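Heads up: numbering here begins at 1 and tracks the sequence. All values derive from a computational prediction rather than experimental measurement. Whatever order the structure lists ligands and atoms in, that order sets their numbers, starting from 1.
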Amino acid sequence: MSTNALKLKVAERIEEPGNILHLRLVEASGAMLPTFEAGAHLDLHLVEGSMDLWRQYSLCSNPATQDAYEIGVLLDPKSRGGSLAVHRLAQIGTTFEVEGPRNHFPLEETAEKSVLLGGGIGITPMLAMAQRLHALGRDFVLHYCTRSENVTAFRGLIATAPWGSKVVFHFDDQAAEQRLDLVRDLPAPAPDTHLYVCGPQGFMDWVISTAEGAGHAKANVHREYFSANVDQSGGGFEVVAKRSGVTVRVEEGNTIAKALAAAGVKIEVKCEEGVCGTCVTDVMEGIPDHRDKFLTDEEREECSMICACCSRAATPTLVLDV
Ligand code: FES
């Protein structure tokens, strides 16, 4: 168990519609939990047989509470094993090693207006944000988009929440006027208006490009990717691990982190698809070919960091500070 890990026990397991498992996790010792900020996630360690995975899940509970953390986990048939494992392993009383909470998706708490857009399982961080914005007395609206009303999770929680009237449901199988219409539903761009988007990649790409195209500043369009389709194509290149004195070749289909690990140089990885930031490594020479969803546009342009779990090289050689 790593030094900053928690040992959390499943206290409640609720099967929500849409194959979403809503878990309430408490400290196994009964102690209070560290505080967290809206938008934060937990890293869950999933170990069973030969499986040894870390997966990230956004906290959906009220950031003001410290007796439990709540997360929602979508059973994704296309997943690489994480969601299946959580649905199978997370029985009442099961304990998990957990790291965090960590926040890569913070709220601008002083914003005059906040618009939260959650698609499917992307609702989870929005629930924590809604609770925080309500507690602060801020102006906000939460657009919650799903395929159909009968696969919409957390409706009971939203129906009884004091901020429930701020939630606008959009179901794909309903009439056009009931579906999310970004021309109608996005506010006019303003320096003090902030948008937050989380959900499937297509949903996020649509919201982000529409919002930025409508004039919302990039810095005001906040995003959190749960997973991403990583493009691993491209020719081989050389990676020099400067501090370790090791040079490896990364061929197509392999990753920098795996090639270095095989040569005895460990870069910690968790999501392995460029969304969590665990593997970010300093670049000393060469130009990265960024394939991740974690770094900001400014960080990409600086070329001083790379997500070693998925990104590649635009130059024949990359020199890394490992
Ligand atoms: S391990 Fe998550 S971004 Fe690389």
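- Proximity of V280 to ligand 1, defined as any heavy-atom pair under 4.0 Å, is not found for any part of the residue.
- Here K218 pairs with E212 in a salt bridge; the nearest charged N to carboxylate O distance falls below 4.0 Å.
- R184 and E177 are not joined by a salt bridge, as no carboxylate oxygen comes within less than 4.0 angstrom of a charged side-chain nitrogen.
- Protein heavy atom at the shortest distance from atom 1 (S) of ligand 1 is K270 N, 3.2 Å.
- Of all the heavy atoms of E272, the ones lying under 4.0 Å from any atom of ligand 1 belong exclusively to the backbone.
- Using a cut-off of 4.0 Å between Lys/Arg side-chain N and Asp/Glu carboxylate O, D289 and R291 are scored as salt-bridged.
- Using a 4.0 Å cut-off between a side-chain N of Lys or Arg and a carboxylate O of Asp or Glu, E268 and K270 qualify as a salt bridge.
- Note on C279: not counted as a metal contact of atom 2 (Fe) of ligand 1, no N/O/S atom lying under 2.8 Å.
- Few gaps surround NZ on K166; more than 12 heavy atoms of other groups in view lie less than 6.0 Å from it.
- For a distance bound of 2.8 Å, the N, O or S atoms of C309 include none lying that close to atom 2 (Fe) of ligand 1.
- The angle C276:SG - atom 2 (Fe) of ligand 1 - C271:SG amounts to 100°, with values rounded to 10 degrees.
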Item to complete: Give the C-alpha distance, both sets of side-chain angles, the deciding distance and a yes or no for side-chain contact (heavy atoms from CB on, under 4.5 Å) between M51 and L89.
Response: CA-CA 12 Å; M51 179 185 71; L89 298 174; 4.2 Å; yes
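- Listed by atom number, the atoms of ligand 1 under 4.0 Å from G277 heavy atoms are 2 (Fe), 3 (S).
- The contact set between ligand 1 and V275, taken as ligand atoms under 4.0 Å from a residue heavy atom, comprises 3 (S).
- Each of the following atoms of ligand 1 lies closer than 4.0 Å to a heavy atom of G274: 3 (S).
- Here D205 does not pair with R223 in a salt bridge; the nearest charged N to carboxylate O distance is not below 4.0 Å.
- The closest approach between a heavy atom of D292 and any atom of ligand 1 is not below 4.0 Å.
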